[in-house]
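Encoded as structure tokens, the structure appears first; notes follow it.
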Amino acid sequence: MDIQELDKTYEYLLTCAVDKKENLGIAYEEAKRNSSNIFDVLLNKKFFKEEEITKIKADFLKIPYISLKDRVIDNTVFAAIPDKAIVFYKILPFEFDGTLLKVGMVNPNDLEALDALKFISIRHGINTQTYLISQGSFDTIVKQHKNLGDELKDALENVGDRIEDAQSKDDESSQLENDRITEEAPISKVVDIIVSHAVEGKASDIHIESTEKDLRVRYRLDGVLHDSLVLPKKLAPAVVSRIKILSNLKIDETRKPQDGRFRFNLSEKGHITKSVDLRISTFPTVNGEKVVMRILDTTSEIGNLESLGLRPKALEILNENIEKPFGIILITGPTGSGKSTTLYALLKILNREGVNIVTLEDPVEYYLAGVNQSQVKPEIGYDFASGLRSILRQDPDIIMVGEIRDKETASLAMHAALTGHLVLSTLHTNNSVGVIPRLVDMGIEPFLIGSALNVCVAQRLVRRICPYCKEEIEISAETTAEVEAEIRKIPLDQRLDIDLDKGFKFYRGKGCKECKNSGSNGRVGIYEMLNMTPDMEKIIHASITDSEIEKEARRQGMITMKQDGIVKALQGLTTIEEILRVTEE
């Protein structure tokens with residue numbers, strides 16, 4: 001960079017970062033002394049975040065900027081430029097509509113790279129549009145395609161033509177050929193790669209979806225679905241069939257949903273390093289069958305109640321209730337809200353010498369030494385209701401029923417709780433107050449509910465802020481007023497160190513390498529607890545209305561999930577946007 005260009009760049013930078021004049025001055029002197037690029041100096045000295053300085057550079061050069069760290073690029077787009085050219089010239093195709101190819105460049109002044117793009121444009125008869133990207137964006141996408149893309153490319157070699165041949169035959173011949181392809185190594189390896197990358201990336205679910213044009217694979221990370229890769233549509237039947245074979249499902253049944261499960265082993269150099277259970281669900285759609293795989297790591301460590309996000313008052317209530325010799329504890333919330341994890345944390349506390357714990361689950365998600373765990377099998381008539389009858393003949397002290405789904409199971413659980421057993425289970429309701437009307441709808445008499453129920457725990461999971469890139473943010477006056485109104489409803493003894501007079505501080509994750517630029521790292525629970533008291537029993541016997549139950553719960557000092565979430569946002573554990581999103585859905 002010559003001195004004239006350096007001075008011009010330095011003057012522009014001063015207008016963009018007035019608060020960093022001292023850093024800019026240091027970088028200017030070093031760039032001048034070494035005849036180097038001031039943008040590179042600023043980045044090397046870490047005076048700016050990489051994406052921040054790349055955006056400023058793009059504005060200075062008057063070319064569009066884009067971050068590709070969160071993008072998943074279709075393999076067909078990535079193939080528009082040869083791999084060697086991508087690495088050598090540091091040019092990255094990321095979007096193509098048939099006539100215009102959008103390309104990210106790390107160095108837009110590289111004349112050789114520009115010539116290479118011009119050659120590609122003329123050769124294929126297409127237009128190209130360049131964007132400035134950071135080295136980090138470039139490395140992330142190249143690594144993504146090198147790891148996942150190359151493995152899949154090797155696995156799929158020659159299999160595509162065989163699938164097309166199979167699909168061109170008559171139905172019976174096509175099915176036989178498709179079965180043979182499915183059983184062979186290439187498709188088996190494709191499925192192994194999809195699952196292993198999900199497990200290594202700590203995903204909770206894998207979605208394999210046939211669209212009109214291709215086969216899309218998405219992973220759920222921290223409760224949010226992310227596009228992972230796109231495969232040719234012709235692979236869909238073979239991939240789905242392979243998963244069905246592993247799950248002992250009917251390969252020729254494509255019109256009805258099916259459920260199954262199988263165990264998957266991750267290995268390295270021929271040695272098994274980890275085993276996970278996968279719960280499989282297939283579902284027919286207009287574009288073909290969709291498969292969802294829930295990843296259940298039965299060997300993972302079960303956290304304690306504090307690590308799940310329960311605050312002191314909630315912990316006190318739960319600890320009091322699990323020490324009772326009988327009664328029922330219900331955990332409520334939608335699918336994926338962490339109910340099972342809370343149940344296992346409670347069982348971990350209760351699992352001690354001198355008690356007989358029996359569980360009935362669908363499926364068994366964690367293994368607990370010393371606990372008698374049983375998995376229901378509805379297809380042979382072994383469901384929650386029939387299993388619960390059998391458990392009561394096993395001399396149990398503590399019973400865990402995975403879910404109360406019907407009147408018979410609810411009735412058996414209530415009677416078990418009234419006859420000297422501590423029962424733990426889950427129920428699907430929106431909040432803790434909704435548990436009582438839900439049980440009444442199932443046909444349980446109000447006097448039984450008041451006598452048997454110990455506590456209802458409603459919960460949701462929210463994303464934790466990444467601790468490595470956490471930063472303070474400002475919120476709108478409207479949100480501030482909403483937050484203040486909710487805090488005023490929280491009893492003083494549960495506000496911790498929140499001082500309304502000092503104002504609020506909220507945070508977010510800016511995005512970094514540690515959290516893969518997502519700004520979040522893991523999840524934490526938000527809770528509300530409805531504790532059964534003599535006064536609450538009287539209300540249940542008198543009238544079953546949400547408003548009366550909620551009024552009494554508030555009088556007792558119950559805080560809602562929204563209020564619990566706001567306190568956690570003020571503590572810097574999660575964002576206020578996340579709390580409002582989850583509690584207002």
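Across C469 and G511, no two heavy atoms sit closer than the pair SG-N, 3.2 Å. The minimum heavy-atom distance between R294 and S204, with the atom names listed, is CD-O, 3.4 Å. Annotation for I86 and F138: closest pair O-CZ, 3.3 Å, computed over non-hydrogen atoms. Here the shortest heavy-atom pairing between S275 and N265 reads OG-OD1, 2.5 Å. Scanning all heavy atoms of the two residues, the minimum distance from D222 to S520 falls at OD2-OG, 3.6 Å. The two residues A198 and Y219 come nearest to each other via the heavy atoms CB-CE2, 3.6 Å.
Within the 3.5 Å criterion, the main-chain N or O of I66 finds no donor-acceptor partner in the side chain of S137. Without hydrogens or angle criteria, T574 side chain to A569 main chain gives no donor-acceptor distance under 3.5 Å. Checking side-chain atoms of Q373 against main-chain N and O of L368 turns up a donor-acceptor pair under 3.5 Å. With hydrogens and angles disregarded, no donor-acceptor distance shorter than 3.5 Å links the side chain of S411 to the backbone of K407. A donor-acceptor pair is defined here as one N or O able to donate and one able to accept, closer than 3.5 Å; such a pair exists between the side chain of Q459 and the backbone of G338. A donor-acceptor pair is defined here as one N or O able to donate and one able to accept, closer than 3.5 Å; such a pair exists between the side chain of S425 and the backbone of V401. In this structure, K339 contributes its side chain and P334 its backbone to a donor-acceptor pair below 3.5 Å. A donor-acceptor pair under 3.5 Å links the side-chain atoms of T426 to the main chain of G402, judged by distance alone. At distances below 3.5 Å, at least one donor-acceptor pair connects side-chain atoms of E253 with backbone N or O atoms of R255. Using modelled atom types, one side-chain atom of K568 and one backbone atom of G309 make a donor-acceptor pair closer than 3.5 Å.
Residues I566 and I576 are in side-chain contact: their nearest non-hydrogen atoms beyond the backbone lie under 4.5 Å apart. Between I559 and K313, every side-chain heavy-atom pair lies at or beyond the 4.5 Å cut-off. Side-chain contact between V224 and R463: present, with at least one pair of heavy atoms (C-beta onward) separated by less than 4.5 Å. No side-chain heavy atom of L215 sits under 4.5 Å from any side-chain heavy atom of K234. Side-chain contact check for E578 versus I465: every heavy-atom pair is 4.5 Å or farther apart. Between L422 and V355, every side-chain heavy-atom pair lies at or beyond the 4.5 Å cut-off. V190 is listed as a side-chain neighbour of L231, based on a closest heavy-atom distance under 4.5 Å. In this structure, the side chains of Q563 and V567 stay at 4.5 Å or more apart for every pair of heavy atoms.
Note that the NZ atom of K470 and the OG1 atom of T575 stand 12.0 Å from one another [nearest 0.5 Å]. Rounded to the nearest 0.5 angstrom, I251 CD1 and Q258 CD are separated by 10.0 Å. Here CG of D259 is found 4.5 Å from OG of S281. Values are rounded to the nearest 0.5 Å. In this structure, CG on N372 lies 12.0 Å from CG on L360, to the nearest 0.5 angstrom. Here the SG atom belonging to C456 is positioned 9.0 Å from the CD1 atom belonging to I328, to the nearest 0.5 angstrom. Rounding to the nearest 0.5 angstrom, the gap separating the CZ atom in R438 from the CG atom in N430 is 11.0 Å.
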Criterion side chain to side chain contact (heavy atoms under 4.5 Å, CB included) on L346 and I398, from CA distance to verdict: CA-CA 11 Å; L346 292 173; I398 298 165; over 6 Å; no
Could you go through I404 and M442, starting from their C-alpha distance and side-chain angles, then the distance that decides it, and tell me whether this counts as side chain to side chain contact (heavy atoms under 4.5 Å, CB included)? CA-CA 10 Å; I404 292 176; M442 285 183 166; 3.9 Å; yes
Under the side chain to side chain contact (heavy atoms under 4.5 Å, CB included) rule, what do L424 and L350 come out as? Steps first, then yes or no, please. CA-CA 11 Å; L424 285 70; L350 293 164; 4.1 Å; yes
Determine whether L278 and I295 satisfy the following criterion, side chain to side chain contact (heavy atoms under 4.5 Å, CB included), listing intermediate values before the conclusion. CA-CA 5 Å; L278 296 167; I295 300 170; 3.5 Å; yes
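For D362 and R261, the salt-bridge test passes: some basic side-chain N is under 4.0 Å from an acidic carboxylate O. Salt-bridge annotation for D564 and R311: present, with a side-chain N of the basic residue lying under 4.0 Å from a carboxylate O of the acidic one. Using a cutoff of 4.0 Å between basic side-chain nitrogens and carboxylate oxygens, K510 and E50 are not scored as salt-bridged. Using a cutoff of 4.0 Å between basic side-chain nitrogens and carboxylate oxygens, D214 and K233 are not scored as salt-bridged. Between R508 and E577, none of the side-chain N atoms (NZ, or NE/NH1/NH2) sits under 4.0 Å from a carboxylate O, so this pair counts as no salt bridge.
Counting heavy-atom neighbours within 6.0 Å of E212 CD, excluding the residue itself, gives a total of 12 or less. Around the CG atom of N287, the shell of radius 6.0 Å holds more than 12 heavy atoms that belong to other residues, nucleotides or ligands. Around the NZ atom of K348, the shell of radius 6.0 Å holds more than 12 heavy atoms that belong to other residues, nucleotides or ligands. Within a 6.0 Å radius of CZ in F262, more than 12 heavy atoms belonging to other residues, nucleotides or ligands are found. Counting non-hydrogen atoms of other residues, nucleotides and ligands closer than 6.0 Å to NZ of K324 gives a total above 12.
Side chains of S134 and E51: a donor-acceptor N/O pair is present below 3.5 angstrom, by distance only. N356 and D395 share no donor-acceptor pair across their side chains, judged by distance under 3.5 Å alone.
The side-chain contact (heavy atoms from CB on, under 4.5 Å) search around V291 returns I208, V240, I243, I280, T282, M293, not counting sequence neighbours. With sequence neighbours left out, N351 forms a side chain to side chain donor-acceptor pair (under 3.5 Å) with no residue at all.
For the side chain to side chain donor-acceptor pair (under 3.5 Å) with R218, the qualifying choice from H226, H207, E209 is E209, the only one to do so. When each of N304, L305, L318 is checked for a side chain to side chain contact (heavy atoms under 4.5 Å, CB included) with I349, only L305 meets the rule.
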Donor-acceptor list for residues 521-530 side chains, cut-off 3.5 Å, not counting sequence neighbours:
{"residue": "Y527", "atom": "OH", "partner": "L308", "partner atom": "O", "Å": "3.3"}
{"residue": "E528", "atom": "OE1", "partner": "M561", "partner atom": "N", "Å": "3.1"}
{"residue": "E528", "atom": "OE2", "partner": "S432", "partner atom": "N", "Å": "3.0"}
{"residue": "E528", "atom": "OE2", "partner": "S432", "partner atom": "OG", "Å": "2.9"}

